Amino acid sequence: MSSVFGKPRSGSGQQSAPLEVNLAILGRRGAGKSALTVKFLTRRFISEYDPNLEDTYSSEETVDHQPVHLRVMDTADLDTPRNCERYLNWAHAFLVVYSVDSRQSFEGSSSYLELLALHAKETQRGYPALLLGNKLDMAQYRQVTQAEGAALAGRFGCLFFEVSACLDFEHVQHVFHEAVREARRELEKNSLARPLFISEERALHHQAPLTARHGLASCTFNTLSTASLKEMPTVAQAKLVTVKSSRAQSKRKAPTLTLLKGFKIF
Ligand SMILES: Nc1nc2c(ncn2[C@@H]2O[C@H](COP(=O)(O)OP(=O)(O)OP(=O)(O)O)[C@@H](O)[C@H]2O)c(=O)[nH]1
């Protein structure tokens, strides 16, 4: 059986289109969302970013020998989740980031996980989330133990990692690739289940979007969330920066990262 995720058809000798995965990075300000995103895309740690910019980047990845066109939205909520539909209706998977040296950011990550759980309940779909305790290099200033991170992840049934945007690239890459795997599993599940939902999808189009409000955040979400309704968010003040990736990566056929706005690479 040919897979929805683009295994070449036998005899064709050609690879089919890459799997498209949208990944949103969520978390309180200062948790290290931008630093992790940039580390993943460029292998570099860049210490200062404009906290008010929200960017979407794209990168051609290979995960488990499969080409993946990955889009990463580095979100910039203020102190609580806001206007969440821009990522809730777009992303296939979420990285929820806190900083191990900040209890406040840990509490923030819990709000995001609750938000995702609520959205999943409302839309009756799975939204894979990975919980990341960032700034592991600052472990001597820990305010959140590893056990607390693992317990929170366990409560929401998500994977948990402790990472550092300024330590090794491979660990950060592993986490992003795990998110792709989770998204792929969910997409595959939805695709296999699809025929069962045809009539429900039609019904959904006639319904007004449900609006949910809850104590965590002034968020509205739209329950029209089938894959076909996922759209690229508007990229405000987008400025296209094309960055050649490292020499190691340049052996690949498509060595160019396309970065939309946000930080300068030297
Ligand atoms: N030591 C250390 N510092 C980090 C790490 N990741 C990020 N930082 C620093 O933490 C600060 C905040 O990082 P950002 O990546 O801007 O955090 P953010 O979550 O994107 O924050 P906003 O842009 O405000 O939403 C910056 O000064 C980073 O240099 C890390 O792994 N270790």
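Whatever order the structure lists ligands and atoms in, that order sets their numbers, starting from 1. This one's a predicted model, so the numbers in the text were calculated from it and none came from an experiment.
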Salt bridge (charged side-chain N to carboxylate O under 4.0 Å, His left out) assessment of Glu148 paired with Arg142: CA-CA 11 Å; Glu148 285 175 303; Arg142 254 187 203 281; over 6 Å; no

N or O contact, Asp74 vs ligand 1, cut-off under 3.5 Å: no

Numbered atoms of ligand 1 (with element) below 4.0 Å of Ala165, judged on heavy atoms: 6 (N), 30 (C), 31 (O)

Numbered atoms of ligand 1 (with element) below 4.0 Å of Ala31, judged on heavy atoms: 17 (O), 19 (O)

Residue-ligand contact Cys166/ligand 1, heavy atom below 4.0 Å: yes

Hphob cluster co-occupancy, Phe156 + Leu88, side-chain heavy atoms under 4.5 angstrom: yes

Asp74 vs Ser34, side-chain hydrogen bond (donor to acceptor under 3.5 Å, both in side chains): CA-CA, chis, key distance, verdict: CA-CA 6 Å; Asp74 173 19; Ser34 304; 2.7 Å; yes

Verdict with reasoning, Glu61 to Ser59, per side-chain hydrogen bond (donor to acceptor under 3.5 Å, both in side chains): CA-CA 6 Å; Glu61 297 291 317; Ser59 173; 2.6 Å; yes

Per-residue contact class, Leu136 against ligand 1 - non-hydrogen pairs under 4.0 Å: neither

Residues that Leu167 engages under side chain to side chain contact (heavy atoms under 4.5 Å, CB included), provided they are two or more places apart: Asp137, Ser164

Heteroatom distance test (Asp77, ligand 1): nitrogen or oxygen, under 3.5 angstrom: no

From CZ (Arg71) to OG (Ser58), nearest 0.5 Å: 7.0 Å

Ligand-side contact atoms (ligand 1) for residue partner Ala35, heavy atom cut-off under 4.0 Å: 6 (N), 7 (C), 15 (O)

Of Leu115, Leu113, Leu130, the residue whose pairing with Val96 passes side-chain contact (heavy atoms from CB on, under 4.5 Å): Leu113

Element-labelled atoms of ligand 1 that are located less than 4.0 Å from some non-hydrogen atom of Asp137: 1 (N), 2 (C), 30 (C), 31 (O), 32 (N)

Arg28 neighbourhood, listing ligand 1 atoms whose heavy-atom distance to it stays under 4.0 Å: 19 (O)

Ligand 1 to Ser34 polar contact by distance, N or O atoms, under 3.5 Å: yes

Aromatic ring proximity, centroids under 6.0 angstrom, His92 and Tyr127: no

Per-atom contacts of ligand 1 with Met138, taking only distances under 4.0 Å to non-hydrogen atoms: 1 (N)

